[in-house]
Every structure is written in C-alpha cells, then in structure tokens.
Amino acid sequence: MSQDAITPREKDFSQWYLDIVTKAELADYSPVRGCMVIRPNGYAIWERLQRTLDGMIKASGHRNAYFPLFIPESFIRKEAEHVEGFAPECAVVTHGGGKQLEEPLMVRPTSETIMYHMYAKWIQSYRDLPLLINQWANVVRWEMRTRLFLRTTEFLWQEGHTAHATAEEAEEETCQILEMYRRFAEEEMAVPVFMGRKSENEKFAGALHTYSIEAMMQDGKALQAGTSHNLGQNFARAFEVKYQDENQAWQYCWQTSWGVSTRLIGALIMAHSDDRGLVLPPRMAPTQLVIVPIWSSDEQKSAVLSYVDALRGQLEGQVDYHIDDRDQLRPGWKYAEWELRGIPLRLEVGPRDLEKRGAVLVRRDTREKQTIAAEQLAKAVAASLTTLQRDLFARARDFRDAHTRSIDTYEEFRRYMREASGFAWAHWCGRPECETRVAQETKATIRTVPFRPSDRLTTPDAPGPEEGHCLACAATSSQRVLWGKSY
RNA sequence: CGGGGUGUGGCGCAGUCCGGUAGCGCACCUGCUUUGGGAGCAGGGUGUCGGAGGUUCAAAUCCUCUCACCCCGACCA
C-alpha cells in the first residue's frame, strides 16, 4: 500500500483517476500494451456487480451460456455494417499447433456472429422463441488508446443475445433491458443516467438502432455505461436465423443484443470518489463495514477483541464486514487505508467504547463520526448504509444537474464546451453531417436522443418535444438532444 | 500515427547542465518502546541507473540508435 498522496481532482483529473486505480490496488498494468490485470480489490467489485446484475438478468427470463473465444474470420464478414465496424479492431490468430491455419480465427470483439450461427441451428419453430441467452465473457478490441477499466484491449462483460418472433417483441426486449440497466446504474451503483437513443453516428455497427444509458463523471464528461441494441433482422438474414410460424411460413427472427462491461468500475470510481480515494456505494462494496479495534496493552487487546466478538453477532448475515485486527499497524493508518479502498462504513472500537458499551461509526463519504450504543449497532449500521447509498446518488444527480443546461446558439455552445465541461440540451436537425461538424469543432458528440411520447420508454429529466433550430445548420428541429464530451 | 513528458532499489524522487564509479524519503527485515487520524529509536538488506552501440584512462552524466510507459489529439464499450 502506497502512502503517497493521491493527485487532487482539481489538479489533474485523469491522474487522480489513475492514482485511485493503482493505489487502491484495483488494477495494474500488464506487460502487454493496453491490457490490465484486475487485482483482488478490483475483481471483488466486479464480482459484486456481476452477482447483482446476473440475478436481474435471470429474473427476467434469460439463461446463461458460454460460446467460444475464437470465431472463423469469414463469420464477421457476413453482415456488411458489422464487418466495417469491427474488422479494423480485431485480433486474428493465424497459427495453431505450429502450423498456419487454413482459415484465420478472430478473437471475439463481440459474439453476435458465432452465437447467431448456432441460433440458426437451434431455432426452427415459433415454439423455440423467444430465445433468451446471456453470456459472461472476455472480448478483445484493438484500441488505439487505452485507459484502465475505461478502455482496455481485453475486457470483461456480459452480452445478452435474444431472438424473437416479431419486431414488437424485439423492441420490447431492447427497452426492457435498457430499463434494467438504468435501474442497476441508479439503484445499485448510485449513478444517475440519461436513457435514450443513439444517433446514426454512434449506434452499434449492424443494429437497427441502439439505446444507451449515459452517466456524467466528476469532470463533466459523459460515460456510456450500458447499451441495448435492436438488431432488427440484419443478422437473422446474414446468418439465416429463421423459424416457421403458425401458418408454416418461414420468417426471419427479430434480434437484440445488449451489454455492460468492466468499464462500469471506471464509472463507479469517477462518479463518487474523492481526493482521499475510492468511495463505493454500499450496494456495490464487497465489504460494507470494517471494524477497527483499538488497544494499548495486551489486556486491553483481548478485552476489546472479545467485545468486538460480542458485537459482531448483531451483524452476522446483515452486512459484509471485516475485522482489521492487524497488530503492527496503528488505527490512524488503518483508517486511511480503508478510506482509500472505499469501504462505506468504519466502526472504531476501543477501551473507551468498551467502558461505555458503545462504538464510533464513521461514514466514508462525509467522514462524519457518530457514537452509538452497543445494542443499537445493527440498526445504526443498516440506517447508515441506506442513507449513504441515497446520499451518493443524490450528490451525483445534483452534480450532473448543475452541469447540464439548455443552450440555443452555437456560439454559446462552443464557449460552454471549451470553457466549462458538462452536458448541453441543444437542438439538432437529425442529420449526421451536422453532428460530425459539431464534433469536429467542439469535441462534443450527441450522447443521447431522448425518447419521445410515442416511444415505450421515457427519458426522465429531458426537455419534451419543442420547436427550435439545429445548432449547426439552423434547420428546424423538433427536439433537443443531449450533447457532451465523452470517454 | 502526431505533439508533450518520464524511465535511477518494492514505491516516490535527487544526482545529468559542468564525466571520477550511486544517494535521499517511504516501504521491507530484526529488536525494544508504542497504538482513539498515516508512531519513535537503534540496527540491517536492497540497484546490471530502460536497452544497444559509441566517445573517454573513466559514463547515470556526453553522442547515436532503440524500447517502454504516461499525458494531450485522431479510433471506440
């Protein structure tokens, strides 16, 4: 554990981020460029996230499966848009067993092609539908520039892939998953998000349309935190994913795919943490409470430890806790270390508490100390965890709202994107050229196009349809879209 | 791939201008004293100075080439 200070956010935001990742021992650089080692502290967060999300995925009727890492190179070429989007960033295996392969194998950048190849075999009748499959896997994309957790050459994710009988069902699925991601981000990660549709420029290669959830980081930049694609029949046609309907007619399936990745750990860090280190929302923390016993003499040590032992009974099964009884370190050191690691609550228990049959409970986010009575422990811990979770979300939402504004003129927009940093609701005519131009001139892109009253979902906190003029070309526009610089 | 920066013990750095054979802080190990916000004292171990070549009696230091990483931009979850 390094005891050097973390670079303050004000001074250098990306260095601050990297300091947290490395000093809290979440991840480390690998000998291979662009790849990272996820260390136990970081992997524990991933496991926590995975457990919760996996439960949600299964509760909505999906089942897990596992498809292979290697994909025949020809597969990726079968869908025109898809190959264009992914071919440049694919890793290709040309040799195996000491011999050149007859057909090179791609390391999956995503699994649409290999999964749908199998779906074509498994689906024959409308009775086989819907097919609702998810997989937890690693994927590889050869990125130009990488950043720990946010963009690495290899990353972990879940990818859901479904096949349906009708376009309506597929759209329903796409929306239902997006809503699930929103709930996960806001309720579990305490990260507020805007939901909506991606512009043509930003959508997934091969999809009819893409929906996403967009979060704001503490530097005002956007992070795409989850995506859900309605694939229409694009892949079904390319891979012959067909079924016979009630009238014995052959129909192409309607498909969806959706995913979130280890990038979410980056979102968690950049949304909540401070200059002392990581701040984890209780529902994402592998350990929610750390107990630090304090003693001087050996007699005190055994008295305090048996008192702690009595206290822990109240916590069993209620909260994930850890007792830090390391002998060689002083309490102050332990406090700093657990704060760096983002553990939401700390319980200090020393001779004075023992005497008064109490303890001191400390919040990670505010570092506020509260003296509690021994018999109140379970209640106080539960209450603090709930409050902390709620406060983190509220603080993140307030920050986002304070850095989001409506802008009407391109001049003001340029100044805002240059001098401030945040989201802007501004009019857009809908043409990709206009988005490209704004992106080139300001670095800001359309993060999301809010849902309209006719859509299945709504975008909370978004301005409703309204007449206006496109930022770039001044043509009439019927709604504002969300702009921002992004990761 | 362009622009900027950094490579010296596990980590953070000084030393480089002006060549003389490597040092500081933290961490680590041992012992004693300590323990309610990053403990003190004493003792101890730790380096092919990113790599290769060159100049020189002598290179961390000068020259040439090279590699890696970080930051900013172009590609993206």
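What you see is a predicted model; the values in this text were computed from it and never measured. Proteins get letters first, then strands, A, B, ... in listed order; numbering begins at 1 in each.
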Students often get this wrong, so: under 4.0 angstrom with heavy atoms, is [X] touching a base, only sugar-phosphate, or nothing?
X         : value
Leu223(A) : nothing
Ser296(A) : base
Glu339(A) : base
Val292(A) : nothing
Lys369(A) : base

Has [X] got a side-chain N or O lying under 4.0 Å from the OP1 or OP2 atom of [N]?
X         : N      : answer
Tyr29(A)  : A68(B) : no
Arg33(A)  : C69(B) : no
Lys443(A) : A74(B) : yes

Starting at the 5' end of RNA chain B, what dot-bracket string do you get if Watson-Crick and G-U pairs under 3.5 Å are bracketed, crossing pairs use [ ], other-strand pairs use | and unpaired bases use dots?
-> ((((((((.[[[[.)....(..]]]].((((((.....)))))).....[[[[[..)....]]]]])))))))....
Does the pair Arg364(A)/Glu339(A) count as a salt bridge with the N-to-O cut at 4.0 Å?
-> no
Taking donor-acceptor contacts at under 3.5 Å, does the side chain of [X] reach the base of [N]?
X         : N      : result
Arg276(A) : G38(B) : no
Glu337(A) : G37(B) : no
Arg141(A) : C76(B) : no

Out of C76(B), G36(B), C71(B), minimum distance to the side chain of Arg147(A) belongs to C71(B)
Please work out whether the ring planes of His117(A) and Phe75(A) are parallel, tilted or perpendicular, with thresholds of 30° and 60°.
-> tilted
Parallel, tilted or perpendicular for Phe204(A) and His229(A), by the 30°/60° rule?
-> parallel
Determine yes or no for a side-chain-to-main-chain donor-acceptor pair under 3.5 angstrom, with Thr459(A) supplying the side chain and Ala462(A) the backbone.
-> no
In whole angstroms, how far is the [atom2] atom of [N] from the [atom1] atom of [X]?
X         : N      : atom1 : atom2 : answer
Phe204(A) : C75(B) : CZ    : C1'   : 16 Å
Trp333(A) : G36(B) : CH2   : C1'   : 18 Å
Trp338(A) : G38(B) : CH2   : P     : 18 Å

Please check if any side-chain donor atom of Glu411(A) sits under 3.5 Å from a side-chain acceptor atom of Tyr416(A), or the reverse.
-> no
